[in-house]
Number of protein chains: 2
Amino acid sequence: MHRALTAADFQSLADLRHQIRRFLHFSEQASRRAGLEPRQHQVMLAIKGLPANARPRIGEIAQRLQIQHHSAVELVNRLAGGGYVRRRRGGQDRREVLLALTPKGEKVLRELSLYHRAELQSAGPALVRALRDAMRGMASSRTQQTTFTKNRRTA
Amino acid sequence: MHRALTAADFQSLADLRHQIRRFLHFSEQASRRAGLEPRQHQVMLAIKGLPANARPRIGEIAQRLQIQHHSAVELVNRLAGGGYVRRRRGGQDRREVLLALTPKGEKVLRELSLYHRAELQSAGPALVRALRDAMRGMASSRTQQTTFTKNRRTA
DNA sequence: TAACTAACATCGTATCACGACATATATCAA
DNA sequence: TTGATATATGTCGTGATACGATGTTAGTTA
């Protein structure tokens with residue numbers, strides 16, 4: 001039905017992106033302080049948090065991160081170089097490369113994940129609100145007290 | 001508190017990132033098909049969807065996108081080069097550079113925004129679910145019915 | 001006026017993503 | 001079994017983007 005877009009529609013879309021960027025920026029900074037590049041952190045989380053029925057292959061990780069397989073290869077190269085992840089060949093299918101975190105990788109990921117969970121508990125509600133606003137295609141829920149979620153730069 | 005992390009905790013964090021990446025990947029592809037780089041689209045949306053009380057300055061856009069101001073400068077350079085955005089000097093404060101979309105920029109952004117709104121309406125619920133799961137630090141959404149016992153307004 | 005701050009710009013470098021192409025292994029068809 | 005084809009991973013070169021360090025111009029304050 002393609003209703004036309006109002007100023008409020010653009011605002012709710014932009015606010016959603018702002019909230020997403022705030023979360024991602026938090027994550028990027030946390031990763032870097034932990035000595036990892038942001039994408040490398042994402043690869044580790046994808047390996048550790050894979051659905052139980054999936055094997056931790058290069059291609060599977062690429063799909064979870066929505067990147068091309070060769071981008072995943074490069075990320076894994078750096079992670080393996082840093083001692084965070086190790087490769088082994090698949091047993092059934094020798095084309096496959098199966099990935100696992102090293103103890104060093106497990107430790108860093110655990111700390112980052114705790115930190116992220118805490119951030120989500122505090123920043124999550126604003127994200128859900130922005131998402132709902134953008135989904136209904138109008139900024140109706142910001143007529144409530146949440147208008148002052150307007151945020152300044154974090155230190 | 002810092003409850004230890006279970007396998008389900010890692011899964012819910014990873015699922016959230018997967019959902020976010022799915023949305024962002026959709027957006028990246030849409031931008032590129034429209035002839036824009038993803039970040040350049042974000043700059044245009046930030047300009048158009050700025051809160052009413054804010055001026056569309058370089059620094060303001062940088063803050064909304066959570067990037068350094070000089071990264072915003074480079075993005076605006078490319079957008080201006082492509083004829084999507086124009087700069088003008090601030091009237092009060094001549095250090096400021098105020099940004100505005102050109103008609104060409106307005107047109108592309110409008111089309112992309114309609115497309116994004118439609119995507120959000122279909123993909124949004126999964127995102128909200130993943131977000132809620134990760135916020136409570138457990139993957140409980142498989143039990144959707146019970147999850148909604150403590151709900152707020154559902155759209 | 002001088003010192004200081006703020007807003008924007010430039011430069012060099014690193015990460016990351018992609019397309020195009022390459023290699024190894026598996027599978028299928030006859 | 002062989003040859004064709006598909007699948008999984010890897011390599012190479014390029015471009016967009018982000019950052020830190022530094023520079024320039026305009027406003028502010030002592």
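Chain naming here is simple, since letters A, B, ... match the order of the sequence lines and numbering starts at 1 in each.
In this structure, B/Arg55 reaches neither bases nor backbone, as no heavy-atom distance under 4.0 Å exists between it and the strands shown. Within 4.0 Å of B/Arg87, counting heavy atoms only, lie sugar-phosphate atoms of the nucleic acid but no base atom. Here B/Gln92 lies in heavy-atom contact (under 4.0 Å) with sugar-phosphate atoms only. As judged by a 4.0 angstrom heavy-atom cut-off over every strand, B/Arg57 is placed among residues touching the sugar-phosphate backbone only. Looking at heavy-atom distances under 4.0 Å, B/Glu74 makes contact with a base.
Within the 4.5 Å cutoff, side-chain heavy atoms of B/Arg136 are placed close to those of B/Asp133. Two residues are said to be in side-chain contact when any heavy atoms from C-beta on lie closer than 4.5 Å; A/Gln66 and B/Leu24 fail this criterion. Contact annotation: the side chain of A/Ser27 approaches that of A/His41 to within less than 4.5 Å [non-hydrogen atoms, C-beta and beyond].
Atoms CG (B/Leu24) and P (C/dA17) sit 12 Å apart, rounded to a whole Å. Atom P of nucleotide C/dT15 and atom NE2 of A/His70 are separated by 18 Å, given to the nearest angstrom. When rounded to the nearest whole Å, the span between CG of A/Asn77 and C1' of D/dC12 equals 13 Å. Between the CG atom of B/Asp93 and the P atom of C/dA6 there is a distance of 12 Å, rounded to whole Å. Taking atom CD on A/Glu60 and atom C1' on D/dA8, their separation rounds to 13 Å, with Å as the unit. Atom CZ of B/Arg95 and atom C1' of C/dA7 are 6 Å apart (whole Å). Straight-line distance from the CD atom of B/Glu37 to the P atom of C/dC16: 18 Å, rounded to whole Å. Rounded to whole Å, the distance from CG on B/Leu65 to P on D/dC19 is 10 Å.
Pairing each heavy atom of B/Arg89 with each of B/Arg95, the nearest pair is NH1-O, 2.9 Å.
Among the nucleotides C/dT25, C/dC8, C/dT10, the one closest to the side chain of B/Val97 is C/dC8. Between C/dA9, D/dG10, C/dC16, one nucleotide has an atom nearer to the side chain of A/Val73 than all others, and that is D/dG10. With D/dC19, D/dT11, D/dA18 as the candidates, the nucleotide lying closest to the side chain of B/Leu75 is D/dA18. Considering only side-chain atoms of B/Arg39, the nucleotide from C/dC8, D/dT17, D/dG20 that sits closest is D/dT17.
Each of A/His69 and A/Glu28 was matched to the nucleotide of DNA chain D holding its nearest heavy atom; the match closer to the 5' end belongs to A/His69. Residue whose closest nucleotide on DNA chain C sits further toward the 5' end, between B/Ile58 and A/Ile67: B/Ile58.
The shortest distance between the side-chain N/O atoms of B/Gln68 and the OP1/OP2 oxygens of D/dT17 is not below 4.0 Å. For A/Ser71, no side-chain nitrogen or oxygen approaches OP1 or OP2 of C/dC16 to under 4.0 Å. At C/dA7, none of the side-chain N or O atoms of B/Arg94 fall inside 4.0 Å of OP1 or OP2 (strictly under the cut-off).
Under the 30°/60° scheme for interplanar angles, the aromatic rings of B/Phe26 and B/Tyr115 are found to be tilted.
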**OP:** Go through the steps for A/Lys107 and A/Glu111 under the test salt bridge (Lys or Arg N to Asp or Glu O under 4.0 Å), then give the verdict.
**Re:** CA-CA 6 Å; A/Lys107 182 166 183 293; A/Glu111 284 163 10; 3.3 Å; yes
